[in-house]
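Here is the structure we will look at.
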Number of protein chains: 2
Amino acid sequence: MRQDGICNMVKRIDAHRTLERKDIALLEKLFDREFRQVSAGESLWREGENADSLVFLQAGWACSARYHKDGSRQLLEIFLPGDVLGLCRIALSDRRTDAVMLTDGWISELPYSSLLELFNESPNTAALLFAIANQRMAMLAERQIIMAHRSARERTAHFICECHTRLLETGATCREEFLLPLTQQDLADALGMSAVHVSRTFSHLAQEGLVYRNQFQLVILDSDRLKEMAAFDDRYLRIVWNDEMSLANADQAFREPPQALQGLLDEL
Amino acid sequence: MRQDGICNMVKRIDAHRTLERKDIALLEKLFDREFRQVSAGESLWREGENADSLVFLQAGWACSARYHKDGSRQLLEIFLPGDVLGLCRIALSDRRTDAVMLTDGWISELPYSSLLELFNESPNTAALLFAIANQRMAMLAERQIIMAHRSARERTAHFICECHTRLLETGATCREEFLLPLTQQDLADALGMSAVHVSRTFSHLAQEGLVYRNQFQLVILDSDRLKEMAAFDDRYLRIVWNDEMSLANADQAFREPPQALQGLLDEL
DNA sequence: ATCGTGCGATAACTTAGGTTTACTTTGCCG
DNA sequence: CGGCAAAGTAAACCTAAGTTATCGCACGAT
């Protein structure tokens, strides 16, 4: 049970670039601390609170959201098992969103101070976390692109494709059918549309034989046509290292301090 | 001239948290390399190209954008003098957007490999870059929130507030009047609306005495009411360090290697 | 059994904003 | 100076999606 979550994280990264055993071990040590059970609806943090830790989602789904004065809400990010929450406020002071569990789950918290140690000790693994943060950024960017000019149908299709792809990468045992634990209201808040229209949209998608949703079960009927309508290109999700920043390079650099910057530091 | 750009960057960060002289010096050394003159419309990189460097925008405006098959376009980020482009693909392999100059300007490029050296030599300054990347992420998140549920007027108002605030932070000599070098089509692509509607929206805003736009000159007539209608809260733009990740801490940790992780590393 | 509650579906009506087309205004360049 | 292209404005029309309201269903609690 405990190891599964780390496995998810490692597996996902490893799918694209083989990690060295050392790095895996370091990640496991870093994240495999006391886990806490949390239940659906439970808040992980609130807007305005001091941001001083990462949350590692070992099992369950979560999301980050902004609440407006008028009672409406915008879901910003969806977190799946194996994801890390809070990477976007590292180094900045306070939370700018709420974070809420969508399902029951298990989490562990990692204070930023440990992270700082990591920065010092292993630029290797630090670059890895940077990559994960970069992937989150890519998701935000892609969401914005999709939200701006695409129709409700396309947005919905894209969202489903994204969730499905991300789930598959954690090695979940789902192929064309999986659990999407969001109510239509949640989906509406995530996709920037009304709950009623989410309902309509799913009806249309079902009519066209693309996806079928019942309760929280989601069945993808025609994956190819769905991806086509969503103009879904999964490249933005792929964690593929830049050679300049690759683990191998970082590792080497870690062992043999570079010349260029050393010169600068000496001067100061 | 050359120093101005660095000044912009440093000033903006320094406005919120005093930098140590050492860090400033390191930043200056790092970014103050051969500058290249670029002209409006010039491409800095294209989607799909290998991402192997940061671009430091010393003078001029730029943007990142995604082009769609149907010819339409989505502007993702706007970059002002003193901004760093490409932070969101560090550690990932290829560009997922185009980057284009909006005006003439001066830029310098910084290969990721130098960055890696920085990671090794000064976690201090690395954390600082992380913070700048975090700020970009916050901008993306905020844009998404605004785009999802807010009207064209509110979106436009928010965009203006954001640009104005960011400009002020670079210490630009603009108070309520400044140059916004985007055509109505550019604004439309950034805000996810049609150019015609941008025109309509600016007419309305002018009628209500909020802002006035002529050519690329933008005059804010009633800043308070504008911010109110945009529900603009500039906190997401502020680079305020988390104490856990503060420069002082990082610096200290840099001098005295920490114990916790050292133990882990010894084991491996 | 029966309530209450939350989720989802459907229909009727309204509206913000897209699309199209046509007409200005501005700047540029020979 | 004339002519051309790019940018902006205006009006007419249309459609996607919001809003409101009602209804059905599943479920848990009483």
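Quantities reported herein were computed from a predicted structural model and do not represent experimental measurements. Here is the naming used below: chain letters follow the sequence lines, and residue numbers restart at 1 for every chain.
- Computed from coordinates, the B:His149 NE2 to D:dA16 C1' distance equals 15 Å when rounded to whole Å.
- The distance between atom CD of B:Gln217 and atom P of D:dA7, rounded to the nearest whole Å, is 18 Å.
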Could you go through nucleotides 10-12 of chain D and list every protein N or O atom that sits under 3.5 Å from one of its N or O atoms, giving the distance for each pair?
none

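- In this structure, the side chain of B:Asp98 engages the main chain of B:Glu47 through a donor-acceptor pair within 3.5 Å.
- Residues B:Asp234 and B:Lys227 are not paired through a salt bridge, judged by the lack of any N-O separation under 4.0 Å between the basic side chain and the carboxylate.
- Atoms CD (A:Gln184) and P (D:dC25) sit 17 Å apart, rounded to a whole Å.
- Atom P of nucleotide D:dA6 and atom CG of B:Leu182 are separated by 19 Å, given to the nearest angstrom.
- Between B:Phe232 and B:His158, the ring planes are perpendicular. Angles over 60° get that label, and only those under 30° would be called parallel.
- Nucleotides of DNA chain D nearest to A:Arg150 and B:Arg213 differ in position, and the one nearer the 5' end is that of B:Arg213.
- Proximity of a side-chain donor or acceptor of B:Arg89 to a complementary backbone N or O of B:Leu54 within less than 3.5 Å is not detected.
- In this structure, B:Met193 places its CE atom 12 Å from P of D:dT9, rounding to the nearest Å.
- Spacing between atom NE2 of A:His204 and atom P of D:dT15 amounts to 15 Å, rounded to whole angstrom units.
- Counting 5' to 3', DNA chain C first comes under 4.0 angstrom of a heavy atom of chain B and last does so at the ends given by C:dG17 to C:dG27.
- Where B:Val198 and A:Ser151 each meet DNA chain D at their nearest nucleotide, the meeting point lying more 5' is that of B:Val198.
- At a threshold of 4.0 angstrom between heavy atoms, the contacts of B:Thr183 are confined to the sugar-phosphate backbone, with no base atom among them.
- A:Asp104 contributes a side-chain N or O that, together with a main-chain N or O of A:Ala40, makes up a donor-acceptor pair within less than 3.5 Å.
- With hydrogens and angles disregarded, a donor-acceptor distance shorter than 3.5 Å links the side chain of A:Arg66 to the backbone of A:Arg96.
- Between its opening and closing five pairs, the helix from C:dA1-D:dT30 to C:dG30-D:dC1 changes axis direction by 30°, a value rounded to 10 degrees.
- Listed for the A:Asp222 side chain is a donor-acceptor partner under 3.5 Å among the backbone atoms of A:Arg225.
- The nearest pair of heavy atoms linking B:Met147 to B:Gln74 is CE-NE2, 4.1 Å.
- A:Asp189 places no side-chain N or O within 3.5 Å of a backbone atom of A:Asp186 that could act as its donor or acceptor partner.
- Across the protein-nucleic acid pair, A:Asn214 atom CG and D:dC27 atom C1' stand 15 Å apart, rounded to whole Å.
- Panel note: side chain A:Glu42, backbone A:Ser39; a donor-acceptor pair is recorded below 3.5 Å.
- For the pair B:Gln215 and D:dG8, the criterion of a side-chain N or O lying under 4.0 Å from OP1 or OP2 is not met.
- Counting any heavy atom pair closer than 4.0 Å across all strands shown, A:Arg153 reaches no nucleic acid atom.
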Audit row: A:Glu154, A:Ser151, side-chain hydrogen bond (donor to acceptor under 3.5 Å, both in side chains) steps and yes/no:
CA-CA 5 Å; A:Glu154 291 166 314; A:Ser151 70; 3.3 Å; yes

Under the side-chain hydrogen bond (donor to acceptor under 3.5 Å, both in side chains) criterion, do B:Glu162 and B:Thr165 qualify, and how do the steps go?
CA-CA 5 Å; B:Glu162 181 176 298; B:Thr165 304; over 6 Å; no

